[in-house]
Amino acid sequence: MQLAGKIALVTGAARGLGKGCAEAILERGAKVALLDTDDSEGQETVAAFTLKYGADTCTFILCDVTDKDQLEGAFQQVVDRFGGLDLVVNNAGILSEFDWEKCINVNLISVVRGCRLGLHYMGKQNGGNGGLIINMASVAGIYAFPAPVYATTKAGVVGLTRSLGMDHKFGKDGVRVNVLCPSFTMTNFITDAKGKASEEDLQQMQDMVEKGGGFLQIPDVVKGFVKLLDDDDKNGAALEVTLQGLKYHGCESGPWEHE
Ligand SMILES: NC(=O)C1=CN([C@@H]2O[C@H](COP(=O)(O)OP(=O)(O)OC[C@H]3O[C@@H](n4cnc5c(N)ncnc54)[C@H](O)[C@@H]3O)[C@@H](O)[C@H]2O)C=CC1
Ligand SMILES: CC/C=C\CC(=O)/C=C/C=C\C=C\C=C\[C@@H](O)[C@@H](O)C/C=C\CCC(=O)O
């Protein structure tokens, strides 16, 4: 997708991977709305971006993606303010194995709602111009991962993306849908992980980090995000990001596709 002059919405964008993706969008000449529950960090991030990229290039919207009215209101606010919507990044996510219903609400239900809202505003069948949705899952949605509820939500996002990215849907709505699946990346997500899953599972994760060669850094994941922006012919695919590089999944056809 050529981003110059386009309009984007990124959830969970006050810090971390969402902030990194939002900056990549700004660098490519689009305007971006950053949604987050962290008001102070969100305001700080938008102030820094405004200094760097210019006034009216970005805005912060205080929004809890699990609140249906807040998320719907945020999408409408972006369209009203910037005059349209071309790119949605459903990034907000948490690790929360003990309050597992919250994990499902943030990581899966809100992503379904974000996709539906993106299709509502961008879908050609609704008078939109088409567009792109990039969901943030994890390699935990592809391979076995110690935190079962977190893994379930991420696998759900991969499945959601593959379904929404089927050719017959693109023919109708003109919206490409992809999912980014990073491995362990050094953000607050990691440093705040203690107490969010069992000690045993966290130790397993640490062992996985060590076996995998350590942590990715945010720019490593942003590189995968930019590849998804550029690869217009990969609708429905998942892009894995590890220290070994980038790898597409989900372009293989299902058993019913063979002649
Ligand atoms: N850090 C990692 O190792 C990996 C992270 N991911 C995924 O990447 C995404 C971003 O994670 P990070 O940037 O690492 O985490 P982070 O914790 O640094 O940032 C997450 C952001 O989302 C916001 N957020 C959380 N709940 C929210 C809600 N209900 N409504 C709105 N905003 C909310 C937080 O305030 C924060 O600003 C998540 O979906 C995570 O599952 C995927 C693979 C690896
Ligand atoms: C296959 C896994 C793929 C992606 C990871 C993911 O999606 C989510 C990971 C969520 C939590 C990971 C927590 C890891 C915790 C352990 O590594 C801790 O020991 C790390 C704690 C601190 C490391 C940072 C530091 O050294 O200060």
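We count ligands from 1, going down the list as the structure has it; atoms in each ligand are counted the same way. All values below come from the heavy atoms of this structure, side chains included, with hydrogens, waters and symmetry mates left out.
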Donor-acceptor contact present, side-chain D232 to main-chain M1, <3.5 Å:
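Confirmed, D232 side chain pairs with M1 backbone.
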Give the atoms of ligand 1, by number and element, whose distance to some non-hydrogen atom of [X] is under 4.0 Å.
X    : answer
M136 : 7 (C), 8 (O), 9 (C)
C63  : 30 (N), 31 (C)
I94  : 25 (C), 26 (N)
F184 : 3 (O)

Assess [X] for proximity to ligand 1: is some non-hydrogen atom of it under 4.0 Å away?
X    : answer
A137 : yes
M186 : no
Y150 : yes

Q2 atom CD: more than 12 heavy-atom contacts under 6.0 Å
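Atom CD in Q2 is not packed in, count stays at 12 or less.
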E210 atom CD, neighbour heavy-atom count above 12 within 6.0 Å:
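More than 12 heavy atoms, drawn from other residues, nucleotides or ligands, come within 6.0 Å of this atom.
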Is [X] close to ligand 1, meaning an N/O of one under 3.5 Å from an N/O of the other?
X    : result
N91  : yes
K154 : yes
I190 : no

Please write down residue, atom name and distance for the protein heavy atom closest to [atom].
atom                    : result
atom 43 (C) of ligand 1 : P182 O, 3.2 Å
atom 11 (O) of ligand 1 : F189 CD1, 3.9 Å
atom 18 (O) of ligand 1 : R15 NE, 3.2 Å
atom 30 (N) of ligand 1 : V65 N, 3.0 Å
atom 34 (C) of ligand 1 : D36 OD1, 3.5 Å
atom 1 (N) of ligand 1  : T185 O, 3.1 Å

How does [X] reach ligand 1, if at all, at less than 4.0 Å between non-hydrogen atoms: by side chain, backbone, both, or neither?
X    : answer
S183 : backbone
T187 : side chain
C181 : neither
S110 : neither

Just grab all the side chain to side chain donor-acceptor pair (under 3.5 Å) pairs involving residues 180-190, residues at least two apart or on different chains.
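As it turns out, there is no side chain to side chain donor-acceptor pair (under 3.5 Å) pair with a partner in residues 180-190 once direct neighbours are skipped.
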Between ligand 2 and the protein, tabulate every N or O atom pair separated by less than 3.5 Å, reporting distance only.
unit_1: ligand 2; atom_1: 7 (O); unit_2: S138; atom_2: OG; d: 2.7
unit_1: ligand 2; atom_1: 7 (O); unit_2: Y150; atom_2: OH; d: 2.7
unit_1: ligand 2; atom_1: 17 (O); unit_2: Q206; atom_2: OE1; d: 2.6
unit_1: ligand 2; atom_1: 19 (O); unit_2: Q206; atom_2: OE1; d: 2.7

Is the positively charged end of K234 above the ring of Y248, judged by distance under 6.0 angstrom from the centroid and angle within 45° of the axis?
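Yes, a cation-pi geometry holds between K234 and Y248.
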Got a second to check how far [X]'s [atom1] is from [Y]'s [atom2], nearest 0.5 Å?
X    : Y    : atom1 : atom2 : value
F60  : L35  : CZ    : CG    : 7.5 Å
L71  : R116 : CG    : CZ    : 12.0 Å
R113 : I109 : CZ    : CD1   : 7.5 Å
L34  : C58  : CG    : SG    : 6.5 Å

Among Ile, Leu, Val, Met, Phe, Trp and Tyr joined by side-chain contacts under 4.5 Å, find the other residues sharing a cluster with I142 and list them by chain and number.
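Members other than I142 - counting any ILVMFWY side chain reachable under 4.5 Å - are V139, Y143.
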Applying salt bridge (Lys or Arg N to Asp or Glu O under 4.0 Å), can you list everything that pairs with D80, at least two apart in sequence or on another chain?
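By the salt bridge (Lys or Arg N to Asp or Glu O under 4.0 Å) rule, D80 matches no residue at all.
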Salt-bridged, D86 to K31, with N to O below 4.0 Å?
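Result for this pair is no, no salt bridge flagged.
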Compare all side-chain heavy atoms of D99 with those of K196 and state whether any distance is below 4.5 angstrom.
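D99 vs K196: side chains apart.
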